[in-house]
Amino acid sequence: MAANARRADELRGYRSRRKYKLDYHGVFGGHAEMQVEATYHAPNEKTFKILSESGSKLLTRRVLLKLLESEREAQQEQSRKALEMSPANYEFSLETIQHTPAGDLYVLQVKPRNKSKYVYRGKVWVDAADFAVVRMEGNPAANPSFWVSQVEIQYQWEKIGDFWLPVHNHSVTDVRFGGRAVLNIDYSDYEIVSGRQATAPVSHREKTTLPDPSSLSVQPH
């Protein structure tokens with residue numbers, strides 16, 4: 001939480017490109033794509049510019065454009081607090097430590113404390129050097145719609161400059177009365193505005209000394 005708060009304080013804004021691809025496999029079927037320019041201004045403003053659309057107009061209007069509207073709503077302070085990966089919203093348990101060529105990851109089981117469309121049950125992978133979530137797999141604690149029977153979601157983040165930002169989102173949604181929707185979102189071309197110009201370069205900063213994961217308490221502090 002402390003690492004996230006520090007990064008949030010230092011990130012003044014960014015501009016990026018996104019590509020949305022939606023495939024619906026059901027009675028009617030359909031495919032839609034949309035390219036978007038997204039702009040973020042700290043602490044809670046997001047705007048979107050539609051660059052191109054193709055495929056089903058119905059899927060674009062009923063699904064893709066609604067995703068953008070939901071993301072705008074999630075920037076409100078009350079929604080942001082409900083989205084936080086924090087002890088107020090989740091119970092955490094350390095499952096294992098994963099060793100990769102890029103570095104070690106803490107793998108945590110996360111269990112939501114309440115049923116809400118903003119929280120997930122599943123797993124998160126946390127970078128052991130930066131204390132940043134790099135991957136998440138799970139499903140919402142509450143279905144976002146009566147028409148949805150199950151949703152499986154995977155998120156991936158990568159370090160871009162000094163910040164961990166989303167690079168891919170994959171979700172599979174089972175529709176209650178038949179059919180399945182597969183959504184992929186790719187994020188690229190980040191232009192970042194940072195408040196760190198006066199700080200030392202990352203390569204010259206003191207390296208963090210990490211505790212042994214086995215000594216960590218999963219109780220809220």
Side-chain angles (χ1 to χ4, degrees), residues 1-16 18 36 38-48 63 65-95 105-128 130-146 148 151-171 173 183 185 187 190 192-196 216-221:
M1 289 179 65
N4 279 344
R6 183 180 67 250
R7 284 187 289 266
D9 185 58
E10 292 168 352
L11 181 62
R12 308 314 322 140
Y14 62 76
R15 181 182 294 112
S16 67
R18 301 180 184 181
V36 175
T39 303
Y40 167 71
H41 297 286
N44 61 359
E45 181 185 342
K46 274 190 181 179
T47 58
F48 302 101
V63 180
L65 292 178
K66 284 186 178 295
L67 285 174
L68 299 183
E69 185 59 34
S70 295
E71 191 169 343
R72 287 192 195 95
E73 293 175 0
Q75 291 301 305
Q76 302 306 311
E77 184 175 359
Q78 184 176 358
S79 298
R80 285 189 290 126
K81 288 185 178 296
L83 282 164
E84 284 181 348
M85 186 68 65
S86 70
N89 294 327
Y90 290 94
E91 297 177 18
F92 299 90
S93 60
L94 181 65
E95 180 178 286
L105 302 171
Y106 301 140
V107 184
L108 304 175
Q109 289 277 357
V110 293
K111 180 180 178 182
R113 294 185 181 275
N114 57 76
K115 287 192 174 183
S116 161
K117 65 180 181 179
Y118 294 114
V119 294
Y120 299 85
R121 63 174 67 88
K123 293 183 184 181
V124 294
W125 285 253
V126 179
D127 182 87
D130 282 1
F131 296 107
V133 176
V134 303
R135 179 179 165 194
M136 187 279 284
E137 293 182 0
N139 53 338
N143 279 338
S145 167
F146 167 79
V148 171
V151 183
E152 296 290 340
I153 299 177
Q154 300 175 5
Y155 285 103
Q156 289 178 277
W157 292 259
E158 285 185 7
K159 191 172 186 180
I160 301 171
D162 296 321
F163 304 99
W164 289 85
L165 297 169
V167 292
H168 186 68
N169 178 339
H170 172 79
S171 66
T173 301
L183 172 68
I185 310 172
Y187 307 73
Y190 279 100
I192 298 172
V193 179
S194 170
R196 293 187 58 171
L216 296 178
S217 167
V218 297
Q219 298 300 319
H221 295 285

Decide, yes or no, whether a salt bridge links Lys81 with Glu84 under the criterion of side-chain N to carboxylate O below 4.0 Å. no
So which atom in [X] and which in [Y] form the shortest heavy-atom distance, rounded to 0.1 Å?
X      : Y      : answer
Val119 : Pro112 : CG2-CB, 3.5 Å
Arg18  : Phe48  : NH1-CE2, 3.6 Å
Ser171 : Ile153 : CB-CG1, 3.9 Å
Ala141 : Arg121 : O-NH2, 3.5 Å
Pro140 : Tyr120 : N-CD2, 3.7 Å
Ser16  : Tyr14  : OG-CE1, 4.0 Å

Residues forming a salt bridge (charged side-chain N to carboxylate O under 4.0 Å, His left out) with Glu95, sequence neighbours excluded: Lys123
Test of understanding: with salt bridge (charged side-chain N to carboxylate O under 4.0 Å, His left out), list the residues that count as partners of Asp130, not counting sequence neighbours. Lys159
Do the non-hydrogen side-chain atoms of [X] and [Y] ever get within less than 4.5 Å of each other?
X      : Y      : answer
Val133 : Trp164 : no
Leu165 : Tyr187 : no
Ser93  : Lys111 : no
Phe92  : Tyr106 : no
Gln154 : Glu137 : yes
Leu183 : Thr173 : no

Is a donor on one side and an acceptor on the other found under 3.5 Å between the side chain of Arg113 and the backbone of Tyr90? yes
Flag, side chain of Asn169 to backbone of Ile185, donor-acceptor distance under 3.5 Å: no
If you measure from [atom1] on [X] to [atom2] on [Y], what distance do you get to the nearest 0.5 Å?
X      : Y      : atom1 : atom2 : result
Tyr118 : Asn89  : OH    : CG    : 12.0 Å
Ile160 : Tyr190 : CD1   : OH    : 5.5 Å
Ile192 : Glu10  : CD1   : CD    : 12.0 Å

Could you check Glu73, Glu69, Glu71 and say which one makes a salt bridge (Lys or Arg N to Asp or Glu O under 4.0 Å) with Lys46? Glu71
